[in-house]
Amino acid sequence: MSKITFKIGGVHPNDAKLARDRAIEVLPLPQTVYVSMAQHLGAPAKPIVAVGDKVKTGQLIAEAGGFISAVVHSPVSGTVKSIAPRADIAGKPVTHVEISVEGDEWAEGIDLSDTLVTEIPEDRVAILKKIQDCGVVGLGGATFPTHVKLNPAPGSKAECLILNGAECEPYLTSDYRILLEKTKEIIVGAAIMQKVLGGCHTVIGIEENKPEAIEAVRKALTELPYNNIEVQSLKKKYPQGGEKQLIAAVMGREVGSGALPISVGAVVQNVATSLAVYEAVQKNKPLITNTLTVTGDCLPLERQHNYLFRIGVPLSFIAEYAGGIPEGAAKLISGGPMMGKAISNLDAATVKGSSSILYLSEASTRRGTESACIRCGRCAQACPMGLEPFLLNRLYKAGDNEALEANAAQDCIECGCCLYSCPANIPLLDNIRMAKGTVMGILRARAAAAKAAAEAAKSNENKN
Amino acid sequence: MSSTIIWTVAILAGLGFLLALILYLVAERFKVEEDPRIDEVEKVMPGANCGGCGFAGCRAFADAAVKAPNLDNNYCPVGGNEVMKKVAAILGFKVEEKAPQVAVLRCNGSCAVRPRINEYDGVKSCKVKAALYSGDTGCSFGCLGCGDCVEACQFGALSMDPETGLPVVDESKCTACGACVKACPKTLIELRAKGPRGMREYVACRNMDKGPAAKKACANACIGCGICVKTCTHDAITLENNIAYIDFSKCKLCRECEAMCPTGAIHGVNFPKPLDTAAVKERIAKRKAASAPSAGPSGTLPASGPLPLQPGAAMASGAEQPSSPSNVTSSNSNSSNE
Amino acid sequence: MDKYIISPNPHVHAPVSTKKLMLDVIIALCPAVIVSFLYYGWSEIIIMAVSIASCLCLEWTITKFLMKSSSTIGDLSAVVTGILLAMNLPPTTPWWIVVIGAAVAIAVAKMSFGGLGQNIFNPAITGRVFLLLSFPAAMTDWTVPAGFIANNADAFTGATLLGQVNILGPAAADKLVSLGTLFHNIGGSAGEISALALLAGWVYLIVRGVIKPWITLSIFATVAIIAGIFHLADPEAYTGPLFNLLTGGVILGACFMATDYVTSPMSTAGGIVFGFGIGFIVMMIRYFGSYPEGMSFAILIMNMAVPLIDRAFHQRKFGRK
């Protein structure tokens with residue numbers, strides 16, 4: 001099969017999938033879990049339990065805080081100890097529900113068996129409702145509520161569902177492991193989403209550095225009764241797992257600036273999301289577990305792990321269980337080395353989108369001393385959005401917001417390719433991210449003003 | 001040969017005259033009528049174009065001032081009352097005198113008292129750092145130390161103290177334009193009244209965590225204990241979100257709160273003599289003892305008189321409470337120099 | 001490690017740095033430098049050493065005492081400038097002229113603009129052109145010194161191949177160029193000896209991903225096409241494409257000077273326009289100008305146009321037309 005990739009930019013970091021051969025282990029339960037109310041994109045969830053309440057595993061504990069929001073379930077059974085702000089991995093206060101663990105009693109109606117259910121319910125609306133009620137969000141990083149994404153606005157039609165198994169971030173192996181170990185469940189999940197979207201073509205995109213996963217999916221596809229699902233091998237290139245880049249690679253179409261994937265007929269879901277959809281729809285199991293990799297370049301091979309964890313377990317518990325922070329670790333990261341967040345507070349709880357604890361050594365992660373730009377153009381070559389980071393950096397420093405907008409600072413996907421490839425170690429992304437924020441603010445204000453003006457004009461018309 | 005030179009000179013002169021004529025005509029044709037007072041006002045402005053007044057620059061301010069019906073909303077903090085008087089004279093307005101202000105850093109979490117718990121390795125910018133995480137100390141409210149305020153200051157009034165890791169305000173250079181206030185992502189810088197002879201009292205902390213957490217993060221933190229609120233006899237201190245705040249319009253600079261603060265979060269600056277904590281505490285104790293048995297209304301408390309250490313305090317506050325002159329406990333020879 | 005590092009993403013960095021890039025350029029220049037040593041012997045070694053040493057000294061002094069900032073000589077860009085300057089000078093240049101050239105290159109063309117990355121003009125070429133205009137006699141004395149290998153110096157005294165155009169006429173000069181010229185071409189600056197050595201270095205840079213080939217290819221193509229058209233029109237009056245490609249500083253300039261990051265456009269399209277401009281100007285100077293060689297001037301002139309070219313050509317943005 002031909003290998004494909006996106007055309008503009010991209011870099012080739014060493015993929016360092018050190019934990020690839022470590023099968024997924026089930027992480028034991030800690031004494032206490034802390035369930036964050038802001039573990040998805042959009043409005044925070046609102047707790048519906050009170051201190052002292054007894055909860056069961058899988059019981060709803062918080063309802064959605066808005067249209068773009070998601071419900072949250074208890075990952076354990078026990079007693080609610082407190083509902084209070086607690087520091088997240090960046091040390092910023094977020095409301096958490098603290099639950100002390102007592103046994104592991106699951107809420108009723110959740111199918112805990114391993115049997116594969118391949119029969120897909122007929123009712124599209126019921127499926128969507130199920131996904132929403134189980135709090136499924138995108139597990140590829142953005143944690144966008146899945147039910148919103150699977151329900152495109154009227155008038156737009158999904159032509160292609162792309163399952164993102166690229167896992168282009170170095171070190172991370174959780175998607176790879178579930179592709180190997182939960183192959184069929186993922187494919188059933190894909191078939192469910194395919195049905196919701198009206199039976200569109202479905203492509204499972206996997207990078208070529210995971211041939212076993214590609215083979216496993218191909219084999220499973222022949223054994224399952226679904227049509228119109230294929231696996232596509234992708235050339236290894238970061239950020240292939242970026243939504244826009246993956247669509248460009250698979251469909252050869254480019255999503256416009258500020259537009260959604262559905263505008264080119266695409267819907268992208270991560271393979272882990274697909275698994276969550278399967279469990280939600282076929283097993284009635286809410287999103288309370290996910291897979292996480294404990295890895296790093298300063299971690300001995302035998303201490304690398306892939307864990308199935310309950311969402312809300314503190315990171316420190318996982319780190320401790322995996323043998324503690326290794327010698328020589330200089331930076332702790334949640335997520336991959338390109339887009340992950342540095343952990344300043346290891347006591348923080350895991351959230352739905354947690355995908356790793358990554359230990360990097362000082363040699364690999366310490367930034368070099370910044371020197372003058374030599375205009376080599378590597379950042380512009382690396383930018384997968386075709387931007388010119390050197391220029392944006394300069395404009396940001398000059399405070400020229402108009403030029404920043406004209407040069408598309410708002411299109412930045414914060415993938416880190418520019419800073420990764422800069423020989424002068426100029427903190428391009430640090431500055432461009434700020435510039436993007438400023439420009440986005442201006443665009444939003446403008447859109448709001450335009451909307452208000454349109455409404456005012458409308459109401460005037462109505463009066464006349 | 002000479003004719004060549006003559007011709008050259010003649011042609012160039014003619015050309016010059018022709019172009020000058022065109023320029024003149026164009027200038028006449030496209031002349032913009034402007035109030036001449038705008039130029040006059042601009043001339044007396046400091047010319048820093050800092051934006052402290054809220055306009056894009058001195059010219060924009062002059063333009064706005066000329067067009068405005070009065071000067072209530074237009075004030076140049078850099079030029080201060082002197083410049084505003086001149087502006088008012090030009091425009092025939094009255095201008096209200098404003099107390100000169102100065103930038104004050106409400107954080108005293110120096111490296112010594114606020115241990116670093118991680119190492120920041122990103123771009124040297126408070127804005128970026130604040131967006132990323134809570135900071136490299138246990139205090140998520142304190143100074144990030146990257147110097148965005150120093151960058152923002154056009155008057156060279158701010159500098160980083162390498163020892164404390166905190167910015168220092170040079171009061172002689174600070175014009176209270178407010179650029180640093182806008183630059184600080186933690187809103188640590190406040191413009192406060194400069195006070196008589198620069199003397200002022202403020203809480204140098206913004207930590208809204210509860211006492212123990214704040215104390216753990218920084219030895220100089222305000223722990224929200226409320227002792228200062230109870231001590232203050234002028235109703236100048238409020239406690240909100242675990243943080244005390246001194247209203248400088250009410251503060252009489254008695255320094256009692258400063259003496260009583262258990263963590264040293266309250267700062268008094270530019271006082272001629274160092275604070276004699278023991279003496280002030282004794283005075284407060286005596287006052288309490290005196291008022292306890294009578295339990296009379298607070299107005300009768302012999303409390304708010306000027307203290308030995310700040311001779312100008314009474315002058316600054318203008319209207320004094322009637323009870324103050326009779327203050328026996330705190331009066332000494334120093335206070336009589338008003 | 002008691003304190004962990006916190007920074008925004010990305011948390012890893014490509015194994016690339018300014019120093020490594022400059023080191024690659026130095027490695028790429030090595031074949032041509034070695035060839036020049038073999039052919040021109042000690043005199044060329046001295047020029048090279050003086051040039052590099054004065055460039056480094058000047059940059060260090062300026063950063064240390066005038067700019068009062070940390071020294072930037074560690075990035076090796078001054079070494080590259082030194083080598084390129086030496087390769088642009090006749091092998092008989094007195095050492096003090098080399099020092100003046102280095103001073104102009106580093107102090108005037110580079111550091112006065114703010115150092116690496118800020119300069120408009122290629123420092124080495126600026127130095128060379130300054131010397132050419134100030135010391136025309138020394139700079140066009142193409143006497144060939146004794147080298148370490150036989151270089152039949154006697155055959156070429158006083159003029160380079162390009163110089164022969166004025167002496168022998170274009171048609172005769174054209175015949176002096178053969179495929180052998182590709183390997184060694186005596187009579188000229190160090191950078192003109194071996195086209196093959198220079199091209200080998202250029203290929204190394206491309207393989208290592210240090211530079212893109214477009215600027216160089218654009219120059220070659222423009223020179224070949226313009227020379228081809230004129231030569232076909234009148235072989236007696238105009239030298240041919242091969243002659244123009246292999247003589248003078250075209251290869252050195254196109255491979256190592258025009259591709260200088262700082263003074264060339266950043267986009268591919270801009271690079272092609274830039275290369276076309278250089279090729280066009282160099283051919284106009286050669287055919288119609290008073291200098292036999294025009295590569296340095298062509299590059300300097302196009303250096304000036306780089307900001308404009310950068311404004312005109314942007315790369316295509318994702319999802320935008």
Need one label for [X]: side chain, backbone, both or neither, based on atoms under 4.5 Å from any heavy atom in chain C.
X         : value
Phe390(A) : side chain
Leu429(A) : side chain
Pro170(A) : neither
Ile8(A)   : side chain
Pro337(A) : both
Lys244(A) : both
Ile343(A) : backbone
Cys376(A) : both
Ile333(A) : side chain
Ser371(A) : side chain

TODO: Using only heavy-atom distances, determine whether the side chains of Lys331(A) and Ser7(C) contain a donor-acceptor pair under 3.5 Å.
DONE: yes
Among the listed options [options], the residue most often paired with chain C at heavy-atom distances under 4.5 Å:
options                                   : result
Gly340(A), Ala90(A), Ser421(A)            : Gly340(A)
Gly336(A), Ala342(A), Ala424(A)           : Ala342(A)
Ser257(A), Ala372(A), Cys383(A)           : Ser257(A)
Arg378(A), His12(A), Arg433(A)            : Arg378(A)
Cys373(A), Gly377(A), Cys418(A)           : Cys373(A)
Leu358(A), Ile325(A), Asn14(A), Val264(A) : Ile325(A)

Task: Nearest atoms (heavy-atom pairs only) where Met339(A) meets Glu414(A) - done: CE-O, 3.3 Å
Task: Closest non-hydrogen atom pair between Asn407(A) and Lys317(C), with its separation - done: O-CE, 3.5 Å
Task: chain A interface, residue from Pro8(C), Ser77(C), Gly209(C), Gly114(C) that has the most non-hydrogen pairs under 4.5 Å - done: Pro8(C)
Tell me if a side-chain donor or acceptor on [X] pairs with a main-chain N or O of [Y] at a distance below 3.5 Å.
X         : Y         : value
Tyr238(A) : Cys415(A) : yes
Asn9(C)   : Met338(A) : yes
Lys68(C)  : Phe65(C)  : yes

Check each atom of [X] against the heavy atoms of chain A and say whether the ones under 4.5 Å are side chain, backbone, both or neither.
X         : answer
Lys212(C) : side chain
Asp310(C) : side chain
Ser264(C) : backbone
Leu21(C)  : side chain

Contact check, side chains of [X] and [Y], non-hydrogen atoms, under 4.5 Å:
X         : Y         : answer
Leu404(A) : Leu392(A) : yes
Thr293(A) : Tyr171(A) : no
Phe220(C) : Cys255(C) : yes

Can you measure from [atom1] ([X]) to [atom2] ([Y]) and round to the nearest 0.5 angstrom?
X         : Y         : atom1 : atom2 : answer
Asp75(C)  : Lys20(C)  : CG    : NZ    : 14.5 Å
Ile219(C) : Phe276(C) : CD1   : CZ    : 12.0 Å
Asp88(A)  : Asn345(A) : CG    : CG    : 7.5 Å

Task: NZ/NE/NH1/NH2 to OD/OE distance under 4.0 Å, Arg367(A) and Asp430(A) - done: yes
